[in-house]
Structure formats: structure tokens, C-alpha cells
Protein chains: 2
Amino acid sequence: MTTSRPGERGDLLDPLCPVRQLLDRIGTKWTSMVVKVLAEEAPDEIRFAELRRRIPGISQKMLSVTLQSLVRDGLVARRVEPTVPPAVHYRLTELGLSLEGPLSALRDWAETHMPEIDRSNQLADEPAPVLSPLGEH
Amino acid sequence: MTTSRPGERGDLLDPLCPVRQLLDRIGTKWTSMVVKVLAEEAPDEIRFAELRRRIPGISQKMLSVTLQSLVRDGLVARRVEPTVPPAVHYRLTELGLSLEGPLSALRDWAETHMPEIDRSNQLADEPAPVLSPLGEH
DNA sequence: CAGGATCCATTACGATACTG
DNA sequence: CAGTATCGTAATGGATCCTG
């Protein structure tokens with residue numbers, strides 16, 4: 001997301017507190033939604049195409065790279081059935097499941113309070129309020 | 001972060017679930033750390049320079065834009081003492097404080113489990129393991 | 001089916017210099 | 001002191017085309 005990862009160079013002086021590292025992973029555009037679907041709608045396993053269907057707007061490529069990242073981080077397990085064509089199944093690992101707690105807490109907060117944040121932004125966008133509105137008749 | 005904000009165009013078709021919107025804000029590089037310092041080390045208010053001192057590595061500019069974003073979102077309040085030179089104080093709003101709960105839960109998870117994620121990545125980096133290690137003597 | 005490879009637009013971030 | 005302005009770079013994400 002914001003701190004480098006592919007380059008792997010340049011973050012030599014970063015504090016890199018753990019939460020920052022974590023946000024660099026789950027903060028990418030589709031990750032939180034992929035985890036959510038895996039947690040809430042995939043009791044057992046789910047296939048690539050089915051997962052994609054449940055995430056409106058995600059492209060094949062983005063789902064692919066998002067899943068690869070999650071697999072690499074050990075949050076998601078990938079199982080290939082060597083048929084032709086292949087069938088690939090994904091599920092949360094125990095580690096991934098353990099993340100669901102804090103993550104759903106954040107989701108709840110967001111659902112409750114994002115409207116307030118939106119309102120705050122709207123206020124900031126409006127032209128500066130007139131102190132004594134004499135100009136209006 | 002990942003979904004547009006300045007452009008404000010192009011996200012016409014995004015699902016934009018609340019948690020995504022939230023992560024776009026708190027997921028930027030310095031935001032979580034600024035909130036943390038405000039929550040844990042600034043019982044009342046804290047000034048710009050003092051805040052900066054508590055966040056090693058942040059530049060003047062990045063602290064500035066991060067704070068502006070937080071103020072605009074209504075998570076942080078800004079108070080200016082009109083002296084010369086000016087003294088500007090920041091503190092979390094109630095909304096910002098209410099975010100601290102979920103956020104610290106995420107922090108705790110990160111401190112506990114990031115090492116596992118790191119190990120998982122190291123495993124992924126190593127050359128593929130030999131199935132029957134006969135080549136080693 | 002489940003990706004990989006390319007190309008391209010936008011953005012986030014950093015470094016530096018300047019100001020009321 | 002607390003910013004703003006400008007510039008350059010790297011990286012994210014989208015669209016499109018190709019394949020075992």
C-alpha cells in the first residue's frame with residue numbers, strides 16, 4: 001500500500017510498527033473484502049470463480065494478486081485439484097480466521113461511523129459560512 | 001490510499017463498502033501512528049512539533065497532510081492560538097477516540113501475529129524444498 | 001478454469017526550498 | 001512555529017490479451 005514491498009529496499013529507516021505492516025497488507029483495495037467473503041460466505045472452501053462472483057467489480061487479475069498475497073502471508077490456504085481444467089479452492093487459515101475478530105470490529109465501526117466522517121467532509125467542502133448573513137434577502 | 005479521493009471521479013462503480021472507505025483513510029502510511037500517539041501520549045492536547053518529535057521519521061509535510069486529512073474527517077480537532085509565531089494544538093475528537101478501540105484491537109493482533117506472517121513470507125522466499133534430500137551428504 | 005504478461009494512468013510519498 | 005509549494009519517483013490498480 002504505502003510502505004514498499006516489491007522493492008524491499010528503502011524502508012530501512014522506517015519505524016515499521018506492526019500495525020503499519022499489517023495495514024500495508026489488509027489495506028490494499030480488495031483484501032478486506034476477500035477476507036470478509038471467505039470468513040462469512042465460505043464455511044468450507046470456495047473456488048476462484050465463485051469468489052470472484054461474490055465480489056462485484058473485482059477483476060480477474062486483482063483477485064489473483066490479492067489471493068497470492070494472502071496465501072504468501074499465510075492468511076489463506078490454496079488447494080489445487082489437478083483436474084483439467086484445474087479447480088482451485090481457497091479458505092482462511094487459522095491465522096486468517098484469528099484476524100477476522102479485529103477486522104469485523106473495524107467493519108462494525110465503519111458501518112456505524114462512516115456517515116459521520118462523510119458529513120464532516122461535506123462540511124469541509126462547503127464554502128465558508130457567512131458570519132452575519134445580511135447579503136441574503 | 002487505494003481508492004481515489006482527490007480525483008473524486010472514477011469510483012462511480014465501486015462497491016465502496018464502509019470498511020474500504022475507512023481503510024483508505026487510516027491505511028495511509030502515517031495515519032495509524034498519528035492516531036496512536038494522540039490517543040496514548042496526548043492526554044489533553046499536543047502541538048505540531050511535539051507530535052512530530054514523537055513520530056520518528058515523519059516529515060513536516062507528511063505530518064501536515066496526515067493531520068489535515070484527519071481534521072477533515074472529523075477524527076482530530078485543531079485549535080490555533082493566534083500568537084506569533086502561532087501555536088497549533090491537536091487532539092482526538094470523540095469520534096476519533098471511538099476509533100481507538102477497534103484500532104488498538106488491530107494493533108494487538110498485529111503485535112501478536114505479524115511474526116507468523118513474516119515467517120510465512122520467509123518460507124515462500126526460500127527455494128522449493130527437496131522432497132527427498134538425497135543430494136545433501 | 002484459473003491464472004500470467006503487458007501497458008498505462010493515477011497516486012502516495014519523499015526531499016527540498018520557501019513563508020506569515 | 002507551523003505550515004505551503006514544487007518536483008521527482010515508485011508503486012497501486014485497471015484494462016486488455018494470452019495460455020496450460
Side-chain angles (χ1 to χ4, degrees), chain A residues 1-16 20 23-34 45-53 55-72 76 78-90, chain B residues 1-16 20 23-34 45-53 55-72 76 78-90:
Chain A
M1 167 181 346
T2 150
T3 299
S4 61
R5 270 241 280 167
E8 214 74 24
R9 302 278 171 280
D11 42 22
L12 307 168
L13 21 124
D14 261 273
L16 281 199
R20 262 284 58 237
L23 286 172
D24 273 353
R25 293 151 199 275
I26 64 169
T28 56
K29 184 157 187 181
W30 300 102
T31 306
S32 63
M33 198 166 304
V34 169
E45 292 185 315
I46 190 172
R47 295 185 59 179
F48 187 91
E50 177 62 19
L51 186 50
R52 187 176 172 202
R53 241 167 275 131
I55 304 176
I58 195 170
S59 71
Q60 218 171 23
K61 172 192 167 186
M62 288 317 294
L63 180 56
S64 182
V65 308
T66 303
L67 283 169
Q68 282 171 20
S69 213
L70 286 167
V71 168
R72 186 187 162 87
V76 165
R78 185 184 123 120
R79 183 175 67 83
V80 185
E81 275 180 54
T83 55
V84 281
V88 185
H89 299 77
Y90 294 92
Chain B
M1 169 184 342
T2 146
T3 299
S4 60
R5 271 237 281 165
E8 214 73 20
R9 300 279 171 282
D11 43 21
L12 308 168
L13 21 125
D14 261 273
L16 281 201
R20 262 288 55 240
L23 286 171
D24 272 353
R25 292 149 201 274
I26 64 170
T28 57
K29 184 158 186 180
W30 299 103
T31 306
S32 63
M33 199 167 302
V34 169
E45 292 185 315
I46 189 172
R47 294 185 58 182
F48 186 91
E50 176 62 20
L51 186 51
R52 185 177 173 199
R53 241 168 274 130
I55 304 176
I58 196 170
S59 70
Q60 217 172 24
K61 172 193 167 184
M62 287 317 293
L63 181 55
S64 182
V65 308
T66 302
L67 283 170
Q68 282 171 21
S69 212
L70 286 167
V71 168
R72 186 187 162 87
V76 165
R78 184 186 124 118
R79 184 176 65 84
V80 186
E81 276 179 53
T83 56
V84 282
V88 185
H89 300 76
Y90 294 92

Touch class at under 4.0 angstrom, heavy-atom based, for Gln68(B) against every strand present: sugar-phosphate
Lys61(B) vs dA2(D): side-chain N/O to OP1/OP2 distance below 4.0 Å: no
Minimum side-chain heavy-atom gap Ile58(B)-Arg52(B) below 4.5 Å: yes
Between dA12(C) (C1') and Leu23(B) (CG): distance, integer Å: 16 Å
Sugar-phosphate, base or nothing in reach of Arg78(B), heavy atoms under 4.0 Å: sugar-phosphate
Counterpart residues, side chain to side chain donor-acceptor pair (under 3.5 Å), relative to Thr31(B) (two or more places apart): Thr28(B)
Side-chain N or O of Ser64(B) closer than 4.0 Å to phosphate OP1/OP2 of dA2(D): no
Donor-acceptor pair between Gln68(A) and Ser64(A) side chains, under 3.5 angstrom: yes
Side-chain N,O (Arg47(B)) to OP1/OP2 (dA2(D)) below 4.0 Å: yes
Atom pair distance, as rounded to whole Å: CG in Leu67(A) and P in dG3(C): 7 Å
Under 4.0 angstrom between Tyr90(A) side-chain N/O and dG3(C) OP1 or OP2: yes
Per Val88(B) side chain, nearest of listed nucleotides dA2(C), dA2(D), dC13(C): dA2(D)
Nearest to side-chain heavy atoms of Trp30(A), which nucleotide of dG14(C), dA2(C), dG14(D): dG14(D)
